[in-house]
Amino acid sequence: MKLLLVNPNTSDSMTAGIAQSAQAVAATGTQIIAVQPSFGPLSIEGHYDEAFAAAGVAEQVRLGQAHRPDAIVIACFGDPGLEAAREATRAPVLGIAEAAFHAASMLATGFSIVTTMTRTCIIAERLVQRYGFEHQCRGVHGTDIAVLDLEDGGEAMTRQIEEAARDALARDRSGAIVLGCAGMSALCHTLTARLGVPVIDGVAVAVKFAEALAALGLGTSKHGDYATPLPKTYTGWAAPLGWPT
Ligand code: 2AL
């Protein structure tokens, strides 16, 4: 199967890192096509960044139809553009936050999210509410590590995330940790070994859920609001992205 993996930010190195994490868990025969928007922020750390990232995801899902993907994964923890993407394709589309919440809630009665900048906690909190996981998510914790600084991958940074996770497990009385950024993907194994609880990387679980849905022949419903966008003229730089009239 072909899996279109969309990194909603425009960092080449982060796209490569996410692709590596996806490839590491993908089944033999799954082809990962990793893409990023042609415009927008290098990292997504707030509402303004996210507005451009959502449009960038819509662009890449639209252009990515040329590959005829069997499934699509949006690899940023704010799930930017997820519902727009679902309108634009019949393939199943998974956001890493949504996938991670589902996985965590199957493994523990309560989970905690450890993320990057404290200012982005509200984005995760609102997703928890939107997806209906208020009873399972017991806390969202910022580390104030910038998204692009995660590429450092060093011991001091790993230790900082580990300590935040330990604190979250104790304070929230939760049984699992959800990593709140696609850029934390490479730390999943180390943190799992050190913390002794399930640590959920949304990139990995979204890839496996996407493979499962595609293998079952399940795709996005075209009945109702996820129907194909209405034919419409788009103007300015978005002109090529409107649905043909
Ligand atoms: C993210 C993420 O996954 N990618 C990105 O650019 N920002 N998430 C976050 N909480 O900062």
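In each ligand, atom 1 is the first atom listed, and ligand 1 is the first ligand listed. For this chain, numbers begin at 1 and follow the sequence in order.
- The aromatic ring centroids of W237 and F39 lie less than 6.0 Å from each other.
- Heavy-atom distances between M117 and ligand 1 stay at or above 4.0 Å for every pair.
- Atoms of ligand 1 lying under 4.0 Å from any heavy atom of S43, numbered from 1 in the order shown and given with element: 6 (O).
- Polar contact with ligand 1: present for N9 (N/O pair, distance under 3.5 Å).
- For ligand 1, the polar-atom distance check against F77 finds a nitrogen or oxygen pair separated by under 3.5 Å.
- For ligand 1, the atoms sitting less than 4.0 Å from at least one non-hydrogen atom of G180 are 8 (N), 9 (C), 10 (N), numbered in the order shown with element in parentheses.
- Within the set C181, P80, S11, the minimum heavy-atom distance to atom 8 (N) of ligand 1 is found for C181.
- The protein non-hydrogen atom at the shortest distance from atom 3 (O) of ligand 1 is A182 N, 2.9 Å.
- With ligand atoms numbered from 1 in the order given, ligand 1 contributes 4 (N) to contacts under 4.0 Å with heavy atoms of M14.
- The shortest N or O to N or O distance between I44 and ligand 1 is below 3.5 Å.
- Near T115, meaning under 4.0 Å from any of its heavy atoms, are these atoms of ligand 1: 10 (N).
- Considering backbone and side-chain atoms alike, C76 places every N or O at 3.5 Å or more from each N or O of ligand 1.
- Among the candidates D12, T10, N9, the single residue satisfying the side chain to side chain donor-acceptor pair (under 3.5 Å) test with Q36 is D12.
- A salt bridge is defined here as a Lys NZ or Arg NE, NH1 or NH2 lying under 4.0 Å from an Asp or Glu carboxylate O, and E59 with R62 fails to meet this definition.
- Residues I200 and F133 fall within the same hydrophobic cluster, defined by Ile, Leu, Val, Met, Phe, Trp and Tyr side chains chained together at heavy-atom separations under 4.5 Å.
- In this structure a side-chain-to-backbone donor-acceptor pair under 3.5 Å is missing from K232 to T245.
- The existence of a salt bridge linking E98 and R86 is confirmed by a sub-4.0 Å separation between a basic side-chain nitrogen and an acidic carboxylate oxygen.
- Paired with I72 under the rule side-chain contact (heavy atoms from CB on, under 4.5 Å), one option of V57, L5, L4, T220 passes, and it is L4.
- Residue T120 has at least one heavy-atom neighbour below 4.0 Å for each of these atoms of ligand 1: 10 (N).
- Among all non-hydrogen protein atoms, the one lying nearest atom 11 (O) of ligand 1 is T116 OG1, 2.7 Å.
- Remark: R194 engages E155 in a salt bridge, criterion side-chain N to carboxylate O under 4.0 Å.
- Between R130 and E83 there is a salt bridge, since at least one side-chain N of the basic residue sits less than 4.0 Å from a carboxylate O of the acidic one.
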